[in-house]
Number of protein chains: 2
Amino acid sequence: MSISSRFAVGIHILALIDLNKETASSSEFIAGSVNTNAAVIRKIMGMLKKAGLIEVQPGVAGAKLTRELSEITLFDIYKAVNVVEENELFSIHDKPHPDCVVGKNIQSTIEPIFMAAQSAMEKVFQNLTLEDIVKDIEAKEHIK
Amino acid sequence: MSISSRFAVGIHILALIDLNKETASSSEFIAGSVNTNAAVIRKIMGMLKKAGLIEVQPGVAGAKLTRELSEITLFDIYKAVNVVEENELFSIHDKPHPDCVVGKNIQSTIEPIFMAAQSAMEKVFQNLTLEDIVKDIEAKEHIK
DNA sequence: AAACATGTAATCAATTCAGTTACAAGAACA
DNA sequence: TGTTCTTGTAACTGAATTGATTACATGTTT
């Protein structure tokens, strides 16, 4: 099991749009940097657009961020690319036997725990923005 | 995407073994409570056995916990049933283009963040034991 | 009109999951 | 002993998801 790389690719796309903002980043260009097919990029960019993170126009190359880097959290991207449904990171077997002490109660016992675990994970992304990503990339460049 | 229900089933199995400890819990019996096939239960019990959480003997019905309830964390179960590999909850696209500022650095920038998110999630399970689960189930029974 | 862009649908191979069947091998007991 | 019940495992299935790919309609620019 592994969470789709759409999330990582989404971050990559947005960071690239920003760092390359003097020239328009076509889906073909981004695909080259990510190392995948342009259609894959366009599909993910469609999700980012739908979430209101970027502006793209059909037929015209390049996309623009709709907000400041510091106003886009990793959680925004995470939600945009739809890698994990709300409260469904962990799946629970359904219809456990209702006549059994454990079967009767296990779901309501486990559910809040799974939700807490998912929330703890998502909180990490809520506390980080694209600005952190871009600054980290820039810092690495300056060292070299 | 969703993490395998093996985790939830593993918790169910162990709680049931404990709450039903006067009588032996065969895989058939447990399967009835979980509402699945006995072979599925035996496969998961094999994982729990391999992780040293239970003792089972081929041919003889019933399994026993090897430790106190309070000594078995949900994280132990999580690891036992192998639902998420170490540091691989999130996947990152590989071979991003090395000549691109973003492509060159994105992996090393994102990796520690993904690891931190996974750790935050796992920590929730490290801080809970089977005792918490069993007590919660018992409490629900007493209210009714 | 030609060239280039995005949007989107369809298809494909690979992987994973859970369920199912089947059967070998161990254990218990009449 | 031999019947019966158990665990341990392998093999197979259908469903779902992922990422890649191809194709093409549509929009934009010159």
Side-chain angles (χ1 to χ4, degrees), chain A residues 1-10 12-13 17 20 23-51 53-64 81-85 88-97, chain B residues 1-10 12-13 17 20 23-51 53-64 81-85 88-97:
Chain A
M1 200 293 310
S2 200
I3 291 176
S4 169
S5 67
R6 278 201 305 276
F7 185 23
V9 172
H12 187 138
I13 291 171
I17 287 173
N20 198 49
T23 67
S25 298
S26 69
S27 62
E28 202 70 51
F29 169 75
I30 298 176
S33 172
V34 171
N35 184 33
T36 184
N37 192 286
V40 172
I41 298 298
R42 288 199 287 269
K43 198 186 299 181
I44 296 175
M45 285 181 74
M47 292 173 155
L48 298 173
K49 180 183 184 179
K50 194 175 168 191
L53 302 182
I54 56 174
E55 280 170 4
V56 200
Q57 261 199 325
V60 43
K64 287 178 183 175
V81 298
N82 207 25
V83 284
V84 177
E85 295 303 315
E88 288 185 10
L89 174 57
F90 297 90
S91 39
I92 302 183
H93 52 296
D94 60 12
K95 304 204 187 76
H97 205 295
Chain B
M1 197 297 308
S2 199
I3 290 176
S4 168
S5 66
R6 278 200 306 275
F7 186 22
V9 173
H12 188 139
I13 291 171
I17 287 173
N20 197 49
T23 66
S25 299
S26 68
S27 62
E28 203 70 49
F29 169 76
I30 299 176
S33 172
V34 171
N35 183 33
T36 183
N37 192 286
V40 171
I41 298 298
R42 288 199 286 269
K43 198 186 300 182
I44 296 175
M45 286 181 72
M47 292 173 156
L48 298 173
K49 180 183 183 180
K50 195 175 167 191
L53 302 182
I54 56 174
E55 279 171 4
V56 201
Q57 261 199 323
V60 42
K64 288 179 181 174
V81 299
N82 208 26
V83 284
V84 177
E85 296 300 317
E88 289 186 10
L89 174 57
F90 297 90
S91 39
I92 304 183
H93 53 295
D94 60 12
K95 303 206 189 75
H97 205 296

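In the text below, chain A, chain B and the rest are named by the order of the sequence lines, each starting its count at 1.
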Report task. Return yes if some donor-acceptor pair links the side-chain N/O of B:Ser5 with the main-chain N/O of B:Ala8 below 3.5 Å, else return no. Result -> no
Q. Side chain of B:Ser91, backbone of A:Ile3: donor and acceptor closer than 3.5 Å?
A. yes
**Study point:** CZ on A:Arg42 to NZ on A:Lys49, rounded to 0.5 Å
**Key:**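 Those atoms lie 13.0 Å apart.
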The reported gap from CD1 in A:Ile92 to NE2 in B:His12 (rounded to nearest 0.5 angstrom) is 11.5 Å
Take the protein atom [atom1] of [X] and the nucleotide atom [atom2] of [N], then report the distance between them rounded to whole Å.
| X | N | atom1 | atom2 | value |
| --- | --- | --- | --- | --- |
| A:Glu55 | D:dG27 | CD | P | 19 Å |
| B:Lys50 | D:dT9 | NZ | P | 10 Å |
| A:Asn37 | C:dG7 | CG | C1' | 14 Å |
| B:Met45 | D:dT6 | CE | P | 13 Å |
| A:Ile13 | C:dT6 | CD1 | C1' | 13 Å |
| A:Ile54 | C:dT6 | CD1 | C1' | 11 Å |
| A:Gln57 | D:dG27 | CD | C1' | 9 Å |
| B:Lys43 | D:dG8 | NZ | C1' | 12 Å |

Determine: side-chain N/O of [X] to OP1/OP2 of [N], distance under 4.0 Å, yes or no.
| X | N | answer |
| --- | --- | --- |
| B:Ser27 | D:dT7 | yes |
| B:Ser91 | D:dT18 | no |
| B:Lys49 | D:dG8 | yes |
| A:Thr36 | D:dG19 | no |
| A:Ser5 | D:dG19 | yes |

Pick the nucleotide of DNA chain D nearest each of B:Pro58 and A:Ser4; which residue has the one closer to the 5' end?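 Its nearest nucleotide lies further toward 5', so the answer is B:Pro58.
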How do B:Arg42 and B:Val83 order along DNA chain C: which one's closest nucleotide is nearer the 5' end?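 Comparing both residues, the 5'-ward one is B:Val83.
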ask   = Under 4.0 angstrom, heavy atoms only, what part of the nucleic acid is A:Ala39 near: base, sugar-phosphate, or nothing?
value = base
Across the strands shown, which category fits A:Val60 at heavy-atom distances under 4.0 angstrom: base, sugar-phosphate, nothing?
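Here A:Val60 touches the backbone only, sparing every base.
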Side-chain atoms of B:Arg6 come closest, of C:dA18, D:dT21, D:dT7, to C:dA18
Partner of A:Arg6 under side chain to side chain contact (heavy atoms under 4.5 Å, CB included), picked from A:Ile13, A:Val40, A:Val81, is A:Val81
